[in-house]
Asks: 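The structure is given below, and queries will be raised subsequently.
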2 protein chains.
Amino acid sequence: MRIGDLADKSGLSTDTLRYYEKIGLIPRPLRDAGGRRVYDRTILRWIEFLDRLKATGMGIRDRLRYAELRTLGSSSLADRRSMLETHRDKVAEDIVRLTETLHVLDDKVDLYRRMEAGETVDPAFESCARTEHAAPPNREKSPHDRRTGARPRADNEA
Amino acid sequence: MRIGDLADKSGLSTDTLRYYEKIGLIPRPLRDAGGRRVYDRTILRWIEFLDRLKATGMGIRDRLRYAELRTLGSSSLADRRSMLETHRDKVAEDIVRLTETLHVLDDKVDLYRRMEAGETVDPAFESCARTEHAAPPNREKSPHDRRTGARPRADNEA
DNA sequence: GCTTGACCTGGAGTGCACTCCAGCCCGTAA
DNA sequence: TTACGGGCTGGAGTGCACTCCAGGTCAAGC
């Protein structure tokens with residue numbers, strides 16, 4: 001399989017494949033007589049997994065580190081497992097956050113729909129209903145640490 | 001509230017706040033006699049919502065567009081709702097994808113743990129068990145479109 | 001009055017993750 | 001044999017999203 005075929009099958013561009021090779025994310029393939037890259041079909045599994053790590057927010061540094069460990073073979077199993085466990089936890093957190101936001105969005109869409117219909121909005125949502133320059137709600141918000149991801153329950157800024 | 005306080009409360013740096021203002025993500029605040037920015041507490045709700053959009057993958061372009069619509073007041077309600085609905089669907093898709101990956105990671109961690117224990121791996125997982133340069137599995141993979149996000153079921157590249 | 005710390009502006013610099021390009025080579029089909 | 005498509009390399013360019021900095025102003029406390 002040549003680079004163009006791999007590009008088709010993996011969904012990455014040939015440029016990206018060469019770039020990944022350059023930085024060490026994917027192993028250097030064999031070359032044919034003409035100096036062109038020849039790929040083994042197994043590379044697809046690896047690329048797909050990399051893609052999955054990327055799509056779930058693992059940065060290139062960590063992907064690189066993982067790729068590096070992978071080349072070390074079974075001696076790096078524990079380290080790789082540890083990386084995956086860490087990432088797994090991050091993914092689980094992201095799912096929580098996304099789910100939370102899904103609800104916020106649904107609520108907001110709902111609110112907008114009612115406002116579009118000219119409906120009077122429930123007083124409980126008054127601060128949401130005022131659109132652009134709502135009066136400050138009488139409620140103090142404590143500073144929260146961005147690192148921990150701990151933050152007060154979302155409210156609708158309308 | 002001055003910019004430093006807002007930075008503390010929002011979790012953004014003063015630089016980022018000024019940057020957001022420059023590009024139009026947050027409205028220009030009033031200034032005090034000394035020319036310093038003075039923020040209304042309501043800005044926090046807006047920043048928090050922006051942060052939520054960002055954390056769920058909405059790019060700066062769209063956040064900008066949304067911010068722009070917001071300044072137009074209630075006449076832009078339908079457009080804003082439409083944007084949120086679109087984003088909502090994207091978030092829902094992401095949740096599916098993340099959940100899928102969570103399982104893949106769990107499986108992989110499990111596999112590694114068993115491999116570390118020197119356990120013989122179930123023949124059904126043989127292609128996973130071969131670590132670095134597994135023989136190609138006898139199974140053709142069709143090229144898939146990256147745009148649609150449609151992709152064949154993940155398998156473990158081990 | 002002086003120091004200190006927060007704030008101001010404009011602009012340069014950073015890191016990520018590609019993406020594009022010029023100028024070249026190679027193999028095959030017409 | 002020549003045209004063409006695909007591939008090669010090294011390096012420049014892009015877009016996002018900040019982040020940092022120099023060189024200045026301003027207000028409050030000692």
Asks: CD1 of I23(B) versus C1' of dT19(D): gap in Å, rounded?
Replies: 14 Å

Asks: Between M58(B) and A33(B), which has a closest nucleotide on DNA chain D that is more 5'?
Replies: M58(B)

Asks: What I want to check is whether the side chains of D15(A) and S13(A) have a donor and an acceptor closer together than 3.5 Å.
Replies: no

Asks: When you measure from the centre of the six-membered ring of Y39(B), is the NZ or CZ of K9(B) closer than 6.0 Å and no more than 45° off the axis?
Replies: no

Asks: How would you list all residue pairs meeting side-chain hydrogen bond (donor to acceptor under 3.5 Å, both in side chains) that involve residues 25-34 of chain B, not counting sequence neighbours?
Replies: D32(B)-R36(B)

Asks: Can you tell me if T99(A) uses its side chain to pair, donor with acceptor, with the backbone of I95(A) under 3.5 Å?
Replies: yes

Asks: Can you check the L17(A) CG to dC20(C) P distance for me, whole Å?
Replies: 14 Å

Asks: Side chain of R61(B) only, heavy atoms from C-beta on: which candidate in dC18(C), dC16(C), dC16(D) is closest?
Replies: dC16(D)

Asks: Check the distance between dC16(C)'s P and Y20(A)'s OH and give it to me in whole angstrom.
Replies: 14 Å

Asks: Whole-Å distance between dA17(C) P and D51(A) CG?
Replies: 13 Å

Asks: Rounded to whole angstroms, how far apart are CE on M1(A) and P on dG6(D)?
Replies: 17 Å

Asks: Whole-Å distance between dG13(C) C1' and Y19(B) OH?
Replies: 14 Å

Asks: Just how far, in rounded Å, is C1' of dC18(D) from CG of L25(B)?
Replies: 12 Å

Asks: Within the structure, does a side-chain N or O atom of R63(B) lie under 4.0 Å from either OP1 or OP2 of dC18(D)?
Replies: yes

Asks: Using the test side chain to side chain donor-acceptor pair (under 3.5 Å), find all partners of D62(B) that sit at least two apart in sequence or belong to another chain.
Replies: none

Asks: Can you measure from CE (M83(A)) to CZ (R63(A)) and round to the nearest 0.5 angstrom?
Replies: 10.5 Å

Asks: Please tabulate the protein-to-nucleotide N/O contacts below 3.5 Å involving nucleotides 4-11 of chain C, giving atom names and distances.
Replies:
residue : atom : partner : partner atom : Å
dC7(C)  : OP1  : G4(B)   : N            : 3.0
dC8(C)  : OP1  : R37(B)  : N            : 2.8
dC8(C)  : OP1  : R37(B)  : NH1          : 2.9
dC8(C)  : OP2  : R18(B)  : NH1          : 2.5
dC8(C)  : OP2  : R37(B)  : NH1          : 3.2
dC8(C)  : O5'  : R37(B)  : NH1          : 3.3
dC8(C)  : O3'  : R31(B)  : NH1          : 3.4
dT9(C)  : OP1  : R31(B)  : NH1          : 3.3
dT9(C)  : OP1  : R31(B)  : NH2          : 3.0
dT9(C)  : OP2  : R37(B)  : NH1          : 2.9
dT9(C)  : OP2  : R37(B)  : NH2          : 2.7

